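Working notes for the structure below.
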Amino acid sequence: MLTLQQIRENREDIIARLKKRNFDPTETISQIIEADNRRRQAQVEADTMLAEANGLSKQIGDLFKSGNAAQANELKPKTVSLKESIAQAEELKKQAETDVYALLVTLPNAPHSSVPEGKGAGDNLTVYQHGEIPTLHENAVPHWELTTKYDLIDFELGVKIAGAGFPVYKGKGAKLQRALINYFLDKASTAGYREMQPPIVVNEDSGFGTGQLPDKEGQMYFVGEDKLYLIPTAEVPITNLYRDVILNEKELPIKNTAYTPCFRREAGSYGKDVRGLNRLHQFDKVEIVQIQHPDKSYETLEQMKDYVAGVLKELELPFRILKLCGGDMGFTSALTYDMEVYSTAQKRWLEVSSVSCFETYQSNRLKLRFKDNEGKTRMPHTLNGSALALPRIVASILENNQTENGIRVPMVLVPYCGFEVID
RNA sequence: GGUGAGAUGCCUGAGUGGCCGAAAGGAACAGUUUGCUAAACUGUCGUACGGGUAACUGUACCGCGGGUUCGAAUCCCGCUCUCACCGCCA
């Protein structure tokens, strides 16, 4: 979430930036500042009285020790009455804190100044496009037919053992999955990311740290008996590795990558969006996460964007990169690039990656800080991106590379899966 | 699942009612010095929220939440977590 300091010190700037999300935070921000003023006032009162009470207690102790029990006992009632006033002031302070917090969590991250204006997906800015859209043979079909034709993925079987959106990958389909995961991880390692293998369930504190809780509660699978959430992305465990941590500036940037299955309830999705591999309850993804110095985070975001673009090029897929407009950005992001590959058979763009800079929005929640070279404690910026999510990559490989005689595997994956054609 | 022990600062670890925001050692950082991939010495060395132009200063925090007391790291209650042993098991 945004910090009080940001709001107090750069009020107008924050308001202007938030307006890009097509809502006016002016009122909320006034309320936050009002509540924070109340909090400060209550704290001053409480602290003053506490100081007095502490002083009295000390006096009483000294008196007892020097044998002046009678004098000490005289002072006691004074502290008792003080205690009541203190309790009152602290109650006010607590209430004001609760108010501030309740308001603060309703505010999304403030978009970066370069974020384009816009209401929705139609207003996103295409900043890059690469690759030829292939011409398919006349019997070309969408991936959900190809997966059946070549016996790669069994959606029905998944329904039987779990439910819709939990596919079973079979034979070359399963091998292709494994090849992609290994390829993505190897690429990330080469780019300097440390490979990690985190738990795929997280506790409530972690869900809060990266911003999934409280507002996206219904989107995560929850194991009630143990109060654990199935992760919707590796971003959650990997970023939470650094919850309550104070780093040294010299440690920055921190670069981690992880493959994990991802679980999403996708409540409310329907229609062509959920057909085949387009939207699943469980899918595989390799995530890259960085923690970076605030001065370098946007430079890093560009590098991460270019990194993902490089992977897509190697996979020989036609893709474009969008800079999301204010109206289409995620709640916690300050700037997001989406990568979309073109699915020739479905004649639509499919989102396969999202690369974002969160500035201090996550750090603040995580209590993630670093000591800068002057010894000052500051918050670093967090960034992450998919590199990449598998299902739609698989869908577009199948669809774009289909021929009359089978599906051609991208060159770069051949060493990983051990075959050149799916037939 | 059963039984027992424990939770203190970056780490180890002392502290059982006021002199404790907390000993000591280690690590880390800065400096001094030494002709050798280091040692010795000195200093610094928790976080958060306030007040103050500033120097400085107040408050809270010894797993979490309550309670007792003029006063709690220290006593009491509840919770969570960790460890050990047994049982079960990949």
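Letters A, B, ... mirror the listed sequences (proteins, then strands); counts begin at 1. Model, not experiment: these values are computed from the prediction.
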Considering only side-chain heavy atoms of [X], which listed nucleotide, [options], is closest?
X      : options                : value
A:K58  : B:rA48, B:rC19, B:rU69 : B:rC19
A:K94  : B:rG66, B:rU47, B:rC70 : B:rG66
A:L50  : B:rU47, B:rC70, B:rU59 : B:rU59
A:R39  : B:rC70, B:rG46, B:rG50 : B:rG50
A:S57  : B:rG18, B:rG50, B:rG58 : B:rG18
A:Q43  : B:rG66, B:rG50, B:rG18 : B:rG50
A:K250 : B:rG18, B:rG50, B:rC29 : B:rC29

Inter-nucleotide [atom1] distance ([N], [M]), Å rounded:
N      : M      : atom1 : answer
B:rU44 : B:rU8  : C1'   : 22 Å
B:rG65 : B:rA84 : C1'   : 27 Å
B:rG21 : B:rG58 : C1'   : 14 Å

Would you call A:E91 and A:K94 a salt bridge, using N to O less than 4.0 angstrom?
no
SB check A:R40 A:D36 (cutoff 4.0 Å)
yes
Taking only side-chain nitrogens and oxygens of [X], does any of them come within less than 4.0 Å of OP1 or OP2 of [N]?
X     : N      : answer
A:K83 : B:rG71 : yes
A:N54 : B:rU59 : yes
A:R40 : B:rC49 : no

Would you indicate what A:K371 reaches in the nucleic acid, counting non-hydrogen atoms under 4.0 angstrom: base, sugar-phosphate, or nothing?
sugar-phosphate
Atom-to-atom span, [atom1] of [X] to [atom2] of [N] - whole angstrom:
X      : N      : atom1 : atom2 : value
A:D244 : B:rG9  : CG    : P     : 13 Å
A:L82  : B:rG71 : CG    : P     : 11 Å
A:E45  : B:rA60 : CD    : P     : 16 Å

Which pairs pass ring-ring contact (aromatic ring centres under 6.0 Å, His included) with one or both residues in residues 161-188 of chain A, sequence neighbours excluded?
A:F166-A:H281, A:Y183-A:Y416
Got a minute to check which stems RNA chain B is part of, using Watson-Crick or G-U wobble pairs under 3.5 Å, three or more consecutive?
B:1-7 with B:80-86, B:10-12 with B:24-26, B:28-32 with B:40-44, B:46-51 with B:56-61, B:63-67 with B:75-79
Considering residues at least two apart in sequence or located in another chain, which fulfil the side chain to side chain donor-acceptor pair (under 3.5 Å) criterion with A:K216?
none
Determine the interplanar angle of the A:Y298 and A:H381 rings, folded into 0 to 90°, and report it as parallel if under 30°, tilted if 30 to 60°, perpendicular if over 60°.
perpendicular
